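Taking it in order: structure first as structure tokens, then the write-up.
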Amino acid sequence: MYCSQYVLHLHIELTAKNEKMKSDFNKKERLLSLDTLRGFDMLFIMGLSGWVVSLCGLFPSSGFMAWLSSQMQHVEWNGLSHHDTIFPLFLFIAGISFPFSIAKQRAKGKTEMQILTKVIKRGLVLVLLGMVYNGLFKLDFANLRCASVLGRIGLAWMFSALLFMKFKPKALAVIAAVILIGYWLLLWLIPGGPDTYSFENNLAGAVDRVLLPGKLIYGDNHFDPEGLLSALPAIVTAMLGMFTGQFVRIPGDKITENRKVLYMFAAAVALLVTGLLWSYVFPVNKMLWSSSFVCVVAAYSLFLFALFYYIVDVKGYRKWTLFFRVVGMNSITIYLAQRVINFNQASNFFFGGLAATFPEAWAHLINNTGYIVVCWLFLYFLYKKNVFLKV
């Protein structure tokens, strides 16, 4: 009798211990900082850029506000603004999450073939969703743009994930370097005109005009920033995110969390210096997704992630993150929803009357605030209902 009670007590104790271990594992494998940073990034797509511009409009004589407003727009060709960092930061974040995802799938007993199939499926679904965003259901295939932001994310992330599954870190680092240097040499050594990095003469545009199906977005079918050849360096953007995710997963008894943050900041500085030096011979250019652009924006992305990771996951300051996580956990949903749902009309319904009582500059600010509020409440409703679009 005593022996059976002891066995039962031991079983209960071991079960509780296992459940605690599973809970600790899940907490470690789910980075709140990642959802928060993704939400911060997507907020600019969800109306924050327009809000900042309208805020700056209240101070027309301020040089700083004029500069800040300019940061909410893409540069025309060479150079970099904050608005040029939104897309690559999202791809970098997608890369960070993959080492956590693949570890979770393997822990559940998924085979490598099952994981591989899921990676390819996700990549292709994102390509399809990008075409839907561009108007696939209009059935005007002659004018359909096949290249897209979601398509670039899908293909770059997919090929990066396939490489990550196949090769070890040292081999991956060599592959990343070969891609960036090879892309630079291709655009430099195969000229289409006197300036190989110009809008008119670059090799990336020439390849897309020959091989990319559908309509190109710029210059009367002359160039597409989400084209085929420029997808190669974008693979490295996702790969650098995967390196980061893999590094963060190193157990704390081998590298402390504080030291991880310091190493990430140091790596960000190294990437920034590399990108700036490279830009003297290969300009920072989002449209071309130039190799120097990859390095500079990866530095920015890594710096932001290290900062968010330190505040949220290391120091544990999490209460403030809900506002951003609501957006970050349904990022693709809001990206597509803004294409389908007229949030402007809803915002005008609730805030239009108030905006009409103010001068024009203030009215713009109120309307932009209303747009963000309506979009966020839509996502919060989905969040409370536990509805998330997962690709």
Side-chain angles (χ1 to χ4, degrees), residues 29 31 34 38 87-107 110-128 130 147-187 204 207 211-212 226-250 263-264 267-268 270-271 274-275 278 288-299 301-302 305 391:
E29 294 299 294
L31 292 181
L34 206 57
R38 189 186 297 109
F87 182 7
L89 173 57
F90 189 91
L91 181 54
F92 187 89
I93 291 170
I96 294 176
S97 65
F98 184 65
F100 292 89
S101 173
I102 194 173
K104 187 176 180 181
Q105 291 179 71
R106 286 169 175 166
K110 298 282 187 179
T111 66
E112 293 301 296
M113 183 56 66
Q114 288 175 317
I115 298 172
L116 181 71
T117 302
K118 186 176 181 180
V119 166
I120 295 173
K121 178 184 175 182
R122 183 173 190 251
L124 296 180
V125 167
L126 283 169
V127 172
L128 178 61
S148 67
V149 169
L150 290 179
R152 167 63 56 86
I153 292 171
L155 291 177
W157 177 88
M158 180 183 74
F159 285 113
S160 179
L162 294 176
L163 290 170
F164 185 86
M165 292 177 64
K166 179 68 176 178
F167 296 99
K168 294 185 180 298
K170 289 183 179 179
L172 287 172
V174 172
I175 291 170
V178 168
I179 290 174
L180 292 183
I181 295 172
Y183 182 65
W184 169 45
L185 293 178
L186 276 174
L187 266 64
V207 169
L211 299 178
L212 185 62
E226 279 77 56
L228 297 174
L229 190 61
S230 60
L232 287 173
I235 292 172
V236 179
T237 298
M239 198 180 295
L240 290 170
M242 291 180 190
F243 290 155
T244 304
Q246 189 178 39
F247 176 72
V248 170
R249 290 193 70 254
I250 296 176
Y263 285 159
M264 284 191 282
L271 283 166
T274 301
W278 208 339
L288 292 173
W289 213 280
S290 64
S291 303
S292 56
F293 172 80
V294 171
C295 295
V296 169
V297 178
S301 302
L302 184 54
F305 171 69
V391 179

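Keep in mind that this is a model prediction, so the values were computed, not measured. Computed from heavy atoms alone, side chains included, the values below leave out hydrogens, waters and symmetry copies.
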For the atom pair [atom1] ([X]) and [atom2] ([Y]), what is the distance rounded to the nearest 0.5 Å?
{"X": "L172", "Y": "K166", "atom1": "CG", "atom2": "NZ", "answer": "12.0 Å"}
{"X": "I93", "Y": "F305", "atom1": "CD1", "atom2": "CZ", "answer": "9.0 Å"}
{"X": "I120", "Y": "L116", "atom1": "CD1", "atom2": "CG", "answer": "4.5 Å"}
{"X": "S230", "Y": "F293", "atom1": "OG", "atom2": "CZ", "answer": "10.5 Å"}
{"X": "F87", "Y": "F92", "atom1": "CZ", "atom2": "CZ", "answer": "15.0 Å"}

Check whether any side-chain heavy atom of [X] sits under 4.5 Å from a side-chain heavy atom of [Y], and report yes or no.
{"X": "V248", "Y": "F100", "result": "yes"}
{"X": "I102", "Y": "I115", "result": "yes"}
{"X": "L288", "Y": "L187", "result": "yes"}

Tell me, which pairs form a side chain to side chain donor-acceptor pair (under 3.5 Å) where one or both residues lie in residues 87-100, sequence neighbours left out?
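Listed once each, the pairs would be none.
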Output every pair passing side chain to side chain donor-acceptor pair (under 3.5 Å) with a member in residues 115-127, not counting sequence neighbours, ordered by first then second residue.
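Sorted pair list comes back empty.
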Can you name the nearest heavy-atom pair linking [X] to [Y], along with the distance?
{"X": "L91", "Y": "A238", "value": "CD1-CB, 3.8 Å"}
{"X": "A147", "Y": "L212", "value": "CB-CD2, 3.9 Å"}
{"X": "L232", "Y": "I179", "value": "O-CG2, 3.4 Å"}
{"X": "G275", "Y": "C295", "value": "CA-CB, 3.6 Å"}
{"X": "A299", "Y": "A268", "value": "CB-O, 3.2 Å"}
{"X": "L180", "Y": "P233", "value": "CD2-CB, 4.1 Å"}

Quick one: salt bridge (Lys or Arg N to Asp or Glu O under 4.0 Å) partners of R152, sequence neighbours excluded?
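Checked R152 against salt bridge (Lys or Arg N to Asp or Glu O under 4.0 Å); zero matches.
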Tell me, please, which residues at least two apart from [X] pass side chain to side chain donor-acceptor pair (under 3.5 Å).
{"X": "S291", "value": "none"}
{"X": "S290", "value": "S292"}
{"X": "W278", "value": "none"}

Q114 side chain to T111 main-chain N or O, any donor-acceptor pair under 3.5 Å?
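Checking the backbone N and O of T111 against the side chain of Q114, a donor-acceptor pair under 3.5 Å is found.
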Is there a donor-acceptor contact under 3.5 Å from the side chain of T244 to the main chain of L240?
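Such a contact is found between T244 side chain and L240 backbone.
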ring-ring contact (aromatic ring centres under 6.0 Å, His included) contacts in which one or both residues fall within residues 160-183, not counting sequence neighbours
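Output for this query lists F98-F164.
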Please identify each residue that fulfils side chain to side chain contact (heavy atoms under 4.5 Å, CB included) with [X], with sequence neighbours left out.
{"X": "F247", "result": "I250, I255, K260, Y263, M264"}
{"X": "L155", "result": "V127, M158, F159"}
{"X": "A267", "result": "L302"}
{"X": "V207", "result": "L203, L211, L229"}

What verdict does the side-chain contact (heavy atoms from CB on, under 4.5 Å) test give for M239 and I235, after you've listed the backbone C-alpha separation in whole Å, the side-chain angles of each residue and the deciding distance to 0.1 Å?
CA-CA 6 Å; M239 198 180 295; I235 292 172; 4.0 Å; yes
Show the numbers, then the answer: is there a side-chain contact (heavy atoms from CB on, under 4.5 Å) between L271 and V296?
CA-CA 6 Å; L271 283 166; V296 169; over 6 Å; no
For F90, all residues meeting ring pair (Phe, Tyr, Trp, His ring centres under 6.0 Å), sequence neighbours excluded:
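With neighbours one apart ignored, the set is empty.
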Would you sort out whether M242 and I96 count as a side-chain contact (heavy atoms from CB on, under 4.5 Å), showing the intermediate values?
CA-CA 5 Å; M242 291 180 190; I96 294 176; over 6 Å; no
Regarding Q105 and S101, is there a side-chain donor-to-acceptor distance under 3.5 Å anywhere?
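Note: Q105 and S101 side chains meet the donor-acceptor criterion.
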CA sep, side-chain torsions, deciding dist, call: V119, W157, side-chain contact (heavy atoms from CB on, under 4.5 Å)
CA-CA 9 Å; V119 166; W157 177 88; 3.9 Å; yes
